[in-house]
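Heads up, the thing below is written out as structure tokens.
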Amino acid sequence: MNRKWKSHIEVTLIYLFIAFMFVVIAYPLLWTISMSLNPGTSLYSASLIPEKWTFEHYKWLFTSPESDYLLWYKNSLFVAAANAVLSVLFTALIAYAFSRYQFVGRKTGLYLFLVLQMFPSLMAMVALYILLNMLHLLDSLWGLILIYVGGQIPFNAWLVKGYFDTIPRELDEAARIDGAGHFGVFFRIMLPLAKPILAVVALFNFMAPFTDFLLPSIVLRDPDKFTLAVGLFNFISDRFANNFTRFAAGSILIAAPIAVVFLFLQRYLISGLTAGGTKG
Amino acid sequence: MPEANVRHRPAVAMALSLLFAGLGQLYNRRYVKGILFIIIEASFLLTFYNFLNIGLWGLVTLGEIPMLDHSIFLLIQGLVSVIIIVFAAALHIANIIDARNDARRRQRGEPFPSLIESCRHAWDRGFPYIFVTPGLVMLLFIVVLPLLFMVSLAFTDYNLYHSPPRHLLNWVGFENFKNLVSIPIWKSTFFSVLAWTIVWTVVATTAQIALGLFLALLVNDPRIKFKRFIRTVLILPWAVPAFVTILVFAAMFNDKFGAINREVLSLFGLSIPWMTDPFWTKVALILIQTWLGFPFVFALFTGVLQSISRDWYEAADIDGATRWQKFKSITLPHVLYATAPLLIMQYAGNFNNFNIIYLFNDGGPAVRGQNAGGTDILISWVYDLTFTTNNYNMAAAISLIIGLIVCGFAIYQFRRTRSFKEEGNI
Amino acid sequence: MRKALSFFLMAVLLIGVLSACGPKRDVQQPKGNDQKTAEQDKKPEKLVVWVNDDEKQKQALKDIFQKYTEKTGIKIETVAVNMLDQTKKLALDGPAGKGPDVFYQPHDRIGDIVLQGLADPVDLGDAKGEYSPTAINAVTYDGKTYGVPMVVETYGVFYNKNLVSEAPKTMEDLMKIAKEKTNAAKDQYGFLMEAANFYFVYPFFAGYGGYVFKNENGKYDTSDIGLVNDGAVKGAELVQSWFKNGYIPKEITSDIMNGLFTKGNVAVAITGPWNIASYKEALGDKLATAPLPVLDNGEHPKSFVGVKTWMLSAYSQNKEWAIDFMKFVTNEENSLHYYEVAGEMPANEKALTNEKITNDPLIAGFAEQIQYGEPMPNVPEMSQVWEPMGNALQFIAKGDNPKAVLGEAVKTIQDKIAASGAGK
């Protein structure tokens, strides 16, 4: 009896703590939503429950002739999708080689991947700019994608390699006996079995362009080519004329789809990360 | 069937191939291969000669005529040239080794594989290289090149008063590093910023890991229902772009007008100077980072917890272990050991977590007698130096130091983790 | 062994390439300037112009650029780049060959820009007389005119007629309003300004005799900083009293102030004309403006005057036409059009004295204040001033001793100027 009570109290406490976390998580998010529904431009005249509800900011984003929001959305989706697909492909190729073959510089390569992530990339922007200029890819979404795909390799190759290592080698040997070549093993064995981690990589890279505003603001000039993060950041980066409420509205429309994709892939996220990051 | 030819000398083949790719192969009477190599090297030289020439000249001199030569552009071209040359050199070495091997075969009178056979052989042996090459090329140009650029800048005098195109840069050796530890304004700021950077990294990261672990344990409890739903909500902060949430938090933490003081703390009659007192700003930053960072750790740990075998706990139960003992000697070691590499990366990431410092309060509030803001970490200080005061050389020097610190720490930790120890056994 | 070999090979290869060094050209010969002029006279197909990323400004310029195209047949390619980001981007875009012919900058950055070699001087010729002398002063650096001034602006007093019937004439009036109308607990304020922002606070320093850099005959002496002299300290004490008396909360930001003012909670606000549009939308005809109130020594506070100016990129291939274009955009007619659409005060003298502007009650207050103002220094050292002074004001707001704080700030400014590599 006593034990049962103790257990009950414990469970209640756990639920209480989780409820507390829910509030902590929801509070700022609800604030963002209500900010987007407040009239005016100022963040501070906003209140959690707006006196006057208004959809004017959303309406402005979609209907105002001065608003490029839909265009930015399209650009972001394009960059995000291309980045996700290409990153998975390149990363998986590299990880496959590192996981299954012996070659000169293999161990050095693994260390290199690690080391390269550690250096701050802030000052790298100028170099990337000049590099893109040499390739005639400035002010182009493909240039941006190229940099994203290249830049993510160290972290993700390492993650995917870890996952590949957990796939038993007997499987590729069996496939080889059946006559599969290098690519055969890659496409028929490795990729399907590594779905969880590949989903994670895809997700990370899908999200990145939505949140990064530094790089695109250096690479892109034409407002028609802006991604959402740059465009939205411009709403509030003006020293004298911030428009926080509009920013909030624009942000929610970014966050919502990402959150949905995220939650949809949750299962992969948990299993993929665990195995990839930990080598089983 | 060729006979053994003792007079055929590998050294000659190597010397010839060193001189120009393919010559050694011709000496070995491997005509097709030789001509192919000659064509490749010739076309490489024809295509790149000018680019490499200017690049290397620019790298050494950084330009000679202001307004006409742009040191930064020359520097980058120089670095690109170095990368291309290293690539070419690697291929050239392969060509020399090939000449040697063929020559030795000839010396011993062994038969040569046919072209098709050697192609297949190359495909098999060279396969990993082919797989790695596209990614590697991107990596070299997109990650390594900018890194080299930054390192180079640390050894130049690039600041506002030596800005191209009006001025040319000069190589100054280790002067920037000397200044960093000798000129008072740099020295005092550098060390105080470094100290807070370390505190920030340790506390914020540990807090997010602890909270993530705690929640993962709670939700994993078999008595808890609606697990899927709870997990979904707990992952939510991760799914919202961080720069949005940080800005919203910045508004909410405003001392006088923010929601935290007005709506939450006022219930308890409190008002905390979140944005104007360095101590409380630091507290706020750590709280926000915990909010932003725990879902990742939570997701990670949830996965690991599910993979711990039940048997361990059953065995412990038989021994009459308490819950705390079970946690301490089964769960915690297992979880930490398994996820160490990713956790180390969390620490490294926070060390360079520019977004939150910059967006929350721009490194502020100010502290008397200090050059950087009260909550500036090294990376946000670098940003300030680069973009508001154009001290590119110092910014690069500090970035380099940051990189070395984090690398040293990370490599040291990584070598102790399982993944790397097992690396040798493959 | 193999390693040693490969190192040797690399070295050989490197030396081989290095030995054939450098571009072949005659170092003695500068760029052929005389040939270029001939090219420049040729009419280009288009000019690339960077404008500030602001909806109203873009809209106003669109019409003006269109007229230029009609007049000359030259197309104008407009790229919107946030004004404060333009220099950073030009430093990359210019040499890469993607830069504009003409860009748009606040004049206080001219020193920086010239130092980097990003802009060329503009010979205005007879047209120089068409611009207000303050504006021409502001864009003159090292004796040369860099740029064609477009807009002059300074800050002034906005007041809400619902709360005060007339503008505060003197500082005493203002303090009285602040005392009577402020009720911070109810978010009611008599007087608000960004009092921890050096840009806005400077007039109160300068009104008592403070200065940033000593200005003699149009040249700034950056070794003589007047931010801790008696005048500056007196100004700082005045500013501090606002915080001490609880008139202005030290957490104030422009966003908070604008939010409160547009809600109708603030009687008097000191800010710039860029807020006219949003304030007017909120308060309608209850909004009025005035120059800054007179200090107790009888002086008008010397506000910073900012001049936004078109500048000629050093990388432009069409300099003659670019100058022609800049003059066209800033002529009387176009300046007036720009004022009507974007609401900014023109630097063109005739336009500024046009009755369309002098009769506009909301602009008149600022137009008057400009007479008392002085241009922000345009020397590159100015960029080292903002942050230390902003910090000093934060400490002053918290109640630290103004003299000590300002002394430290000046020391920091001097150190920063030295550390930035000036004079090396």
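The figures that follow rest on heavy atoms only: side chains count, while hydrogens, waters and symmetry mates do not. Lettering follows sequence order; numbering is per chain, from 1.
Aromatic ring orientation, B:Phe243 versus A:Phe247: perpendicular (interplanar angle above 60°, classes split at 30° and 60°). Ring geometry for B:Phe229 versus A:Phe22: interplanar angle over 60°, hence perpendicular rather than tilted (30 to 60°).
The shortest heavy-atom contact between A:Met134 and B:Gln77 is CE-CA, 3.6 Å. When all heavy atoms are compared, the tightest approach of B:Leu139 to A:Gly150 is CD1-O, 4.0 Å. The shortest non-hydrogen separation linking A:Gly151 to B:Val143 is CA-CG2, 3.9 Å. For the residue pair A:Ala127 and B:Pro146, the shortest heavy atom distance occurs at CB-CA, 3.7 Å. In plain terms, the two heavy atoms of B:Gly135 and A:Ile94 that are nearest each other are CA-CD1, 3.6 Å. Taking both residues in full, the closest heavy atoms of B:Ala239 and A:Ile258 are given as O-CG2, 3.3 Å, listed atom of the first, atom of the second, then distance.
The CG atom of B:Leu342 sits 5.5 Å away from the CZ atom of A:Phe155 when rounded to the nearest 0.5 Å. In this structure, B:Met138 CE and A:Leu146 CG are separated by 6.5 Å, a value rounded to the nearest 0.5 Å. The CD1 atom of B:Ile142 sits 12.5 Å away from the CG atom of A:Leu116 when rounded to the nearest 0.5 Å. Atom CG of residue B:Leu147 and atom CE of residue A:Met118 lie 12.5 Å apart, to the nearest 0.5 angstrom. Going from atom CZ of B:Phe214 over to atom CE of A:Met21 covers 10.5 Å, rounded to the nearest 0.5 Å. Going from atom CH2 of A:Trp31 over to atom CD of B:Glu263 covers 5.5 Å, rounded to the nearest 0.5 Å.
Inter-residue side-chain proximity for A:Trp158 and B:Met345 is flagged as met; some heavy-atom pair is nearer than 4.5 Å. Here the side chains of A:Phe233 and B:Leu359 are in contact, with some heavy-atom distance below 4.5 Å. The side-chain heavy atoms of B:Tyr392 and A:Val126, taken from C-beta on, include no pair separated by under 4.5 Å. Contact check for B:Val248 versus A:Phe244: no side-chain heavy atoms found under the 4.5 Å cut-off.
Checking side-chain atoms of B:Tyr129 against main-chain N and O of A:Val104 turns up a donor-acceptor pair under 3.5 Å. With hydrogens and angles ignored, the 3.5 Å screen pairs a side-chain donor or acceptor of B:Trp291 with a backbone N or O of A:Val24. B:Asn352 places no side-chain N or O within 3.5 Å of a backbone atom of A:Phe119 that could act as its donor or acceptor partner.
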- prompt: Could you walk me through whether A:Tyr27 and B:Met252 pass the side chain to side chain contact (heavy atoms under 4.5 Å, CB included) check?
  reply: CA-CA 10 Å; A:Tyr27 189 61; B:Met252 288 175 51; 3.4 Å; yes
task: For B:Phe226 and A:Ile18, run side chain to side chain contact (heavy atoms under 4.5 Å, CB included): C-alpha distance rounded to whole Å, both residues' side-chain angles, the deciding distance at 0.1 Å, then the answer.
output: CA-CA 12 Å; B:Phe226 313 113; A:Ile18 290 172; over 6 Å; no
task: Show your working on side chain to side chain contact (heavy atoms under 4.5 Å, CB included) between A:Tyr15 and B:Arg223 and close with a plain yes or no.
output: CA-CA 10 Å; A:Tyr15 276 124; B:Arg223 293 165 296 181; over 6 Å; no
- request: Begin from the C-alpha positions of A:Phe98 and B:Phe131 and carry the test side chain to side chain contact (heavy atoms under 4.5 Å, CB included) through to its verdict.
  value: CA-CA 9 Å; A:Phe98 272 90; B:Phe131 253 28; over 6 Å; no
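Contacts between B:Phe51 and chain A at a heavy-atom distance below 4.5 Å involve the side chain alone, from C-beta outward. Heavy atoms closer than 4.5 Å to chain B are found in the side chain of A:Asn133, but not in its backbone. At a 4.5 Å heavy-atom cutoff, the contact between B:Phe149 and chain A is made by side-chain atoms alone. With a 4.5 angstrom heavy-atom cutoff, B:Val137 does not touch chain A via any of its atoms. When heavy atoms are compared at a cutoff of 4.5 Å, B:Phe249 approaches chain A solely by way of its side chain, counted from C-beta outward. Contact of B:Ile230 with chain A is made through backbone and side chain together, with heavy-atom distances under 4.5 Å. In this structure, the portion of B:Leu153 lying under 4.5 Å from any heavy atom of chain A is its side chain and not its backbone. For a residue to count as touching a neighbouring chain, one of its non-hydrogen atoms must lie under 4.5 Å from one of that chain's; by this rule B:Phe354 touches chain A with the side chain only. With a threshold of 4.5 angstrom between heavy atoms, B:Ile72 approaches chain A through its backbone and through its side chain. Heavy-atom distances place no part of B:Ile405 under 4.5 Å from chain A, backbone and side chain included. For chain A, the nearby part of B:Thr245 is the side chain; its heavy atoms alone come within less than 4.5 Å.
The environment of CZ in A:Arg176 is crowded: more than 12 heavy-atom neighbours from other residues, nucleotides or ligands sit within 6.0 Å.
Of the residues considered (B:Leu234, B:Val80, B:Leu211, B:Asp221), B:Leu234 shows the highest number of contacts with chain A, using heavy-atom pairs under 4.5 Å. Put simply, of A:Leu93, A:Ile130, A:Thr211, the one with the most heavy-atom pairs under 4.5 Å next to chain B is A:Ile130. No other option in A:Pro28, A:Ser7, A:Ala97 has as many heavy-atom pairs under 4.5 Å with chain B as A:Pro28. In terms of non-hydrogen atom pairs under 4.5 Å with chain A, the most contact-rich of B:Ala348, B:Ser399, B:Ala410 is B:Ser399. Of the listed residues (B:Phe294, B:Trp238, B:Phe351), the one with the most heavy-atom contacts under 4.5 Å to chain A is B:Trp238.
Remark: of the listed residues B:Ile224, B:Leu215, B:Leu217, B:Ile224 is the sole one forming a side chain to side chain contact (heavy atoms under 4.5 Å, CB included) with A:Ile14.
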